[in-house]
Novice: 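Got a structure for you, written out below as structure tokens; questions coming shortly.
In this text the structure is predicted, and so the values were computed from the model without any measurement.
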Amino acid sequence: MQRWITLGLAGAFFAASGCGEDVVRRPLSIDVVGLSGLAETLVIQMFPGGSPACSGVTAATVRNLDAPIRLVWTRADGGERRLAAPAVDDEVVTVTAHSEDGAGIVLQLGCQEVNYLDIESPEVEIALSAVAP
């Protein structure tokens with residue numbers, strides 16, 4: 001049975017204001033939903049600039065990606081299910097989320113390509129999907 005848990009990820013992206021070249025930082029909330037009760041670790045990776053694309057992220061490759069921003073939540077730590085990301089100075093970012101069991105096997109995977117200027121609200125949802133063994 002899959003437990004539905006929301007993990008909030010707070011970050012800030014820049015958006016050019018309508019007039020001039022001023023950089024304005026705006027918060028972005030990313031909810032990761034569907035974390036399995038079997039998951040011991042949740043890993044969030046952020047790739048400013050939007051590369052790699054989600055089409056290139058698989059269960060076989062996600063652990064070997066070298067993300068400039070990598071956030072980890074571990075169930076055993078008992079910490080709050082909220083992570084904070086540093087500011088991202090790009091309009092586009094690829095965000096991956098994956099869960100692992102205690103042995104480091106990828107259980108679930110989700111990916112979202114975010115173009116901050118195209119989203120209507122400062123909230124994005126990434127649904128984790130089970131990975132076939």
Side-chain angles (χ1 to χ4, degrees):
M1 183 169 124
Q2 190 174 40
R3 293 173 50 196
W4 290 94
I5 298 172
T6 299
L7 180 130
L9 173 65
F13 290 80
F14 94 92
S17 62
C19 299
E21 301 274 333
D22 293 337
V23 172
V24 177
R25 293 197 188 276
R26 297 181 182 165
L28 176 67
S29 173
I30 299 173
D31 289 330
V32 179
V33 296
L35 183 64
S36 169
L38 300 175
E40 290 297 320
T41 305
L42 177 66
V43 180
I44 308 294
Q45 298 183 85
M46 300 175 74
F47 302 89
S51 181
C54 287
S55 61
V57 178
T58 67
T61 63
V62 71
R63 294 187 79 222
N64 297 322
L65 296 174
D66 188 23
I69 301 169
R70 189 171 194 272
L71 307 167
V72 179
W73 174 82
T74 304
R75 187 180 303 279
D77 292 343
E80 183 181 5
R81 293 184 182 124
R82 179 168 294 282
L83 301 170
V88 174
D89 290 330
D90 282 293
E91 293 174 5
V92 178
V93 63
T94 298
V95 182
T96 67
H98 75 275
S99 67
E100 301 175 2
D101 66 10
I105 305 295
V106 175
L107 298 173
Q108 299 169 290
L109 178 64
C111 186
Q112 181 76 36
E113 296 166 17
V114 179
N115 183 330
Y116 196 82
L117 298 178
D118 289 342
I119 60 176
E120 292 182 18
S121 73
E123 298 171 357
V124 176
E125 182 176 286
I126 299 176
L128 293 175
S129 299
V131 174

Novice: What are the two closest non-hydrogen atoms of F47 and P68, and how far apart are they?
Specialist: CD2-CD, 3.9 Å
Novice: T74: what forms a side chain to side chain donor-acceptor pair (under 3.5 Å) with it, not counting sequence neighbours?
Specialist: none
Novice: Can you find a heavy atom in the side chain of V92 that is under 4.5 Å from one in the side chain of E113?
Specialist: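 With C-beta onward as the side chain, the pair stays apart.
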Novice: Between T94 and C54, what is the shortest heavy-atom contact and its length?
Specialist: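 Looking at all heavy atoms of both residues, the shortest contact is CG2-SG, 4.1 Å.
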Novice: Does the side chain of L65 come within less than 4.5 Å of H98's, by heavy atoms?
Specialist: no
Novice: For the residue pair A97 and V32, what are the closest heavy atoms and their distance?
Specialist: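 Residues A97 and V32, closest heavy atoms: CB-CG1, 4.0 Å.
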Novice: Within this structure, what is the CE-CG distance for the pair M46 and D90, rounded to the nearest 0.5 Å?
Specialist: 10.5 Å
Novice: Main chain of V43, side chain of R70: is a donor-acceptor contact present, judged purely on distance under 3.5 Å?
Specialist: no
Novice: Indicate the atoms forming the closest heavy-atom contact of L35 with S99, along with that distance.
Specialist: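 Smallest heavy-atom distance, with atoms named: CD1-CB, 3.7 Å.
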Novice: What pair of heavy atoms forms the shortest contact from A59 to L109, and how long is it?
Specialist: N-CD2, 3.6 Å
Novice: Considering only heavy atoms from C-beta outward, does the side chain of I44 approach that of I30 to under 4.5 Å?
Specialist: no
Novice: Same hydrophobic cluster for V95 and L83, using side-chain heavy-atom links shorter than 4.5 Å among ILVMFWY?
Specialist: yes
Novice: Excluding sequence neighbours, so at least two apart, what forms side chain to side chain donor-acceptor pair (under 3.5 Å) with R63?
Specialist: E100
Novice: With rounding to the nearest 0.5 Å, note down the distance linking CG in L107 to CG in D101.
Specialist: 5.0 Å
Novice: Between C111 and I126, which heavy-atom pair has the shortest distance, and what is it?
Specialist: N-CG2, 3.8 Å
Novice: Using modelled atom types and a 3.5 Å cut-off, is there a donor and acceptor pairing between side-chain atoms of Q108 and backbone atoms of S36?
Specialist: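 The answer is yes, because a donor-acceptor pair under 3.5 Å joins these two groups.
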Novice: Should V114 and V93 count as side-chain neighbours, where that means a heavy-atom distance under 4.5 Å?
Specialist: yes
Novice: Step through the shown structure and confirm whether more than 12 heavy atoms of other residues, nucleotides or ligands are within 6.0 Å of CG on D77.
Specialist: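 Atom CG in D77 is packed in, count exceeds 12.
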Novice: Is there a side-chain contact between P52 and V57, using heavy atoms and a 4.5 Å cut-off?
Specialist: yes
Novice: Can you list every pair that meets side chain to side chain donor-acceptor pair (under 3.5 Å) and has a residue in residues 41-56, with sequence neighbours left out?
Specialist: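 Found none.
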